Amino acid sequence: MSDETESAKEHELYSQRLEKAGRWRLLGANPFGNGFRPADLAGDIARKHASDGAEQLEASRPGYSVAGRVVALRSFGKAAFLKLRDRSGELQIHVKKDVLGGRRDRNKITDMGDFVGVKGTLFRSKTGELTLAATEYLPLTKALRAPPEKWHGLADVEMRYRQRYLDLVSNPEVKEVFLRRTALVRYLREFLDTRGYVEVETPMMHSLVSGAAARPFTTHHNALDISLFLRIAPELYLKRLVVGGIERVYEINRNFRNEGISTRHNPEFTMLEWYRAYATYEDMMAETEEMISGAAERVTGSLKISYQGQVIDFAPPWPRLPMAQAVRQAFPSLTEADLKDADRLRAEIGPKLPESERRHLDALGPGAMLAVLFEHGVEPRLVQPTFVTEFPTEISPLARRNDQRPEIADRFELFIVGREIANGFSELNDPLDQKGRFEAQVEAKRRGAVETMDYDEDYIRALEHGMPPTGGEGLGVDRLAMLLTDAPSIRDVILFPLLKPEKR
RNA sequence: GGGAGCGUAGCUCAAUUGGCAGAGCAAUGGACUCUUAAUCCAUAGGUUGUGGGUUCGAUUCCCUCCGCUCUCACCA
């Protein structure tokens, strides 16, 4: 540790452990050695013998070898109990001087956090705990830094995110959260795979901004000397694949959006997008109900979960709520005709918003204004799973127009605990209409809007070759993981959330 | 960027109206061959985030800056 910013105390603790590593070497053990191959797993042993009595074990004396991190250490000078943790769980180890003979000092130079390998026989201690009595005790890796406080664990929020490895060691429940997230992703893949969807990987570096309303990160390719954008969505590439005949296709991967960080936003986040030829947005809603309720059941064991004190019931079917209807319920003074009048809507919501937000309203048309009223008046109240339907076409540049009412799109969003979890629609496969929508986006960008899409000529060309009628959807995997793990912040379900670089 | 809060030993936290900066864990030395946050004795560990101000005296009150958390905005 050559860091100048370290305190004298840190240096002292580090030096002590480094010195002990040297003592390991004197005893013939490499403090960073390799080659010990445990035959068994601590947690498996504990489970296998959970109901075995002391006499039974005394008679059979089953032998095992395990390796793991020392997470508890109680020394008695000539004997010690320590607790070993490996990927399967924990097991207590008993080390005795008279058994280890000449190597007895090894337990004296073991610290919390070290990795050791142990061979021994199983017995029950006087207090009844299943314990492996060491016949061999081998230091494997010296931890040169001490773990966090053993009782309270690591509490500093920043340190937990920045040094996630310590968080995982110190707060065992954190590992459960991430295992559950992994189980969720595995379930999503399985769900789609069994329905004939093909998983693909499309570019993350785009030369155009497309597929969502967001500001991109910019990067640069040296050899080609071109600017590239980290993708904000894979949407247009996936639909090109539907054009190409991959009629059911999905991708689970990262999107990058250059925006603020909050408990619900990380600049890189995981999105599932899936597309299904010959499906409508209504089919997608049905599939979403099946997928998410199935995920809840698989991952939590129940269709009813508790999220931050609220009970969420995933049992389908979920209500379909047209946006205009929802807004009229929330703002009873508005008439049917008012909903098509941008100025009337502005007058309704404007005074309730802070100045910083109000000035963004001026350029918005009636569809976008309706969405603003929805976001403020309705969204936070949608606690139970709810599909909001009949989105204005104005804010849905990639979605198919409704046949009867061209001002609305065949689109829905799924809300749970006031958050958008998924967004799906019948895809716009009319290249002429799509052209016009892109042009409107370009025009908006020219007027100064920042979160608009570029005109994608190749995508238009693809549509001109013919895309079958298709339903598509995007689902925020992190946000769903939050719900299913009862996590208050998106940072709790992302192993390494974006942080400012550490000041040195 | 706005607002609120926080910053004390390696970790988790105390410190009365502004009056000598403390505890537990971890560490070091010692005792202890059945512990479960082991126990007991002893030791060491601090520029109270930074810089300034008020005061006889500041962890405490005021200001600057830095960092973090929450929140609003941006954004799904």
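In what follows, chains carry the letters A, B, and so on, assigned in the order in which the sequence lines appear, proteins first and then strands, with residues in each chain numbered from 1. Here the structure is a predicted model, which means the values were calculated and not measured.
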For this session: Could you tell me whether a side-chain N or O of A:Arg479 sits under 3.5 Å from a main-chain N or O of A:Arg264, the two making a donor and an acceptor?
Result: yes
Exercise. Does any donor-acceptor pair link the side chain of A:Gln92 with the base of B:U35 at a separation under 3.5 Å?
Worked result: yes
Problem set entry | Side-chain touch A:Pro139/A:Thr110, heavy atoms, less than 4.5 angstrom | no
Could you list the protein-to-nucleotides 26-28 of chain B atom pairs, N/O on both sides, closer than 3.5 Å?
residue	atom	partner	partner atom	Å
B:A26	OP1	A:Lys150	NZ	2.9
B:A27	O3'	A:Gln16	OE1	3.2
B:A27	O2'	A:Gln16	OE1	2.2
B:A27	O2'	A:Gln16	NE2	2.7
B:U28	OP1	A:Lys20	NZ	2.6

Exercise. Does any nucleotide pair with B:G57 by Watson-Crick or G-U wobble geometry, both distances under 3.5 Å, and what is it?
Worked result: none
Problem set entry | Under 3.5 Å donor-acceptor, A:Glu473 side chain and A:Tyr275 backbone | no
Seminar exercise, completed: Taken in chain and number order and not counting sequence neighbours, the residues that satisfy side-chain contact (heavy atoms from CB on, under 4.5 Å) with A:Ala42 are A:Asp86, A:Ser88, A:Leu91
For this session: Decide, yes or no, whether a salt bridge links A:Lys142 with A:Glu19 under the criterion of side-chain N to carboxylate O below 4.0 Å.
Result: no
Exercise. With respect to the side chain of A:Arg162, which nucleotide from B:C68, B:U33, B:A37 is positioned closest?
Worked result: B:C68
Problem set entry | Nearest-angstrom distance from the residue atom NZ of A:Lys83 to P of B:U35 | 14 Å
For this session: Would you kindly compare A:Gly260 and A:Leu154 by the position of their nearest RNA chain B nucleotide and give the one closer to the 5′ end?
Result: A:Leu154
Problem set entry | Inter- and intrachain pairs under side-chain hydrogen bond (donor to acceptor under 3.5 Å, both in side chains), touching residues 384-394 of chain A, at least two apart | A:Glu390-A:Arg405
For this session: Under 4.0 Å between any heavy atoms, over every strand shown, what does A:Glu451 touch: base, sugar-phosphate, or nothing? Just pick one.
Result: sugar-phosphate
For this session: For the residue pair A:Asn423 and A:Arg411, confirm or rule out a side-chain donor-acceptor distance under 3.5 Å.
Result: yes
Exercise. Quick one: A:Ile93 CD1 to B:U33 P, roughly how many Å, whole number?
Worked result: 21 Å
Problem set entry | Closest-nucleotide 5' rank along RNA chain B - winner of A:Leu499 and A:Ile261 | A:Leu499
Exercise. Taking any strand in view, what nucleotide pairs with B:G7 in a Watson-Crick or G-U wobble way, both distances under 3.5 Å?
Worked result: B:C66
Seminar exercise, completed: To the nearest angstrom, the CG-C1' distance between A:Asn171 and B:A37 comes to 15 Å
For this session: Would you say whether A:Phe76 stacks on B:C32? The test is a distance between ring centres of less than 5.5 Å and an angle between planes of less than 30°.
Result: no
Problem set entry | Residue pair A:His206 / A:Leu228, side-chain heavy-atom distance below 4.5 Å | no
For this session: Would you mind reading off the distance between A:Asp492 atom CG and B:U69 atom P, rounded to a whole angstrom?
Result: 12 Å
For this session: Mind checking A:Arg491 for me? I need base, sugar-phosphate or nothing, with any heavy atom below 4.0 Å counting as a touch.
Result: sugar-phosphate
For this session: Determine: side-chain N/O of A:Arg74 to OP1/OP2 of B:A38, distance under 4.0 Å, yes or no.
Result: yes
For this session: Check the distance between B:A37's P and A:Leu82's CG and give it to me in whole angstrom.
Result: 16 Å
Exercise. Of the residues in residues 113-125 of chain A, which ones touch RNA chain B at a heavy-atom distance under 4.0 Å?
Worked result: A:Phe123, A:Ser125
For this session: Determine the Euclidean distance between corresponding P atoms of B:U47 and B:U59; express it in Å to zero decimal places.
Result: 13 Å
For this session: Calculate the interatomic distance between A:His152 atom NE2 and B:G10 atom C1'; express it in whole Å.
Result: 15 Å
Problem set entry | Integer angstrom distance from the C1' of B:U54 to that of B:U60 | 13 Å
Exercise. Is there a donor-acceptor pair closer than 3.5 Å between any side-chain N or O of A:Gln163 and the backbone N or O of A:Leu166?
Worked result: no
Problem set entry | Closest listed nucleotide, where the reference is the side chain of A:Asp156 and the choices are B:U71, B:C68, B:U12 | B:U12
Exercise. Just checking A:Arg479: base, sugar-phosphate only, or nothing, at a heavy-atom cut-off of under 4.0 Å?
Worked result: sugar-phosphate
Exercise. How far does the C1' atom of B:U16 sit from the matching atom of B:U12, given to the nearest Å?
Worked result: 23 Å
Problem set entry | C1' atoms of B:G53 and B:A58, separation to the nearest Å | 11 Å
For this session: Starting from C1' on B:C11, measure out to OH on A:Tyr14 and report it in whole angstrom.
Result: 19 Å
For this session: Report the base-pairing partner of B:A44 (Watson-Crick or G-U wobble, both distances below 3.5 angstrom), or none.
Result: none
Exercise. Taking only residues two or more places apart in sequence, or in another chain, which ones meet A:Thr141 in a side-chain hydrogen bond (donor to acceptor under 3.5 Å, both in side chains)?
Worked result: none
Problem set entry | Partners passing side-chain contact (heavy atoms from CB on, under 4.5 Å) against A:Val169 (at least two apart in sequence or in another chain) | A:Arg69, A:Arg85
For this session: Select one nucleotide: of B:C68, B:C34, B:U35, the one nearest the side-chain heavy atoms of A:Lys126.
Result: B:C34
Exercise. Touch check for A:Thr263, heavy atoms < 4.0 angstrom, all strands: base, sugar-phosphate only, or nothing?
Worked result: sugar-phosphate
Exercise. For atom P, what is the distance between B:G3 and B:U8, given to the nearest Å?
Worked result: 24 Å
For this session: Over 60° means perpendicular and under 30° means parallel, so classify the ring planes of A:Phe81 and A:Phe76, tilted if in between.
Result: perpendicular
Problem set entry | Nearest listed nucleotide, side chain of A:His94, among B:U35, B:G67, B:C34 | B:C34
Problem set entry | A:Trp151, nearest nucleotide to its side chain (from B:C72, B:C13, B:A37) | B:A37
Problem set entry | A:Asp478 (side chain) donor-acceptor with A:Thr270 (main chain) under 3.5 angstrom | yes
Exercise. Under 4.0 angstrom, heavy atoms only, what part of the nucleic acid is A:Gly476 near: base, sugar-phosphate, or nothing?
Worked result: nothing
Problem set entry | Euclidean distance for C1', B:A31 against B:A15 (whole angstrom) | 34 Å
Problem set entry | Rounded interatomic separation in angstrom, taking CD1 from A:Ile232 and P from B:C74 | 17 Å
Seminar exercise, completed: Any strand, both distances under 3.5 Å, Watson-Crick or G-U wobble: B:G1 pairs with B:C72
Exercise. Which whole number of Å gives the distance between the C1' atom of B:G46 and that of B:A37?
Worked result: 26 Å
Exercise. Say you pick atom C1' in B:A14 and the same atom in B:G24; how far apart are they, in whole Å?
Worked result: 11 Å
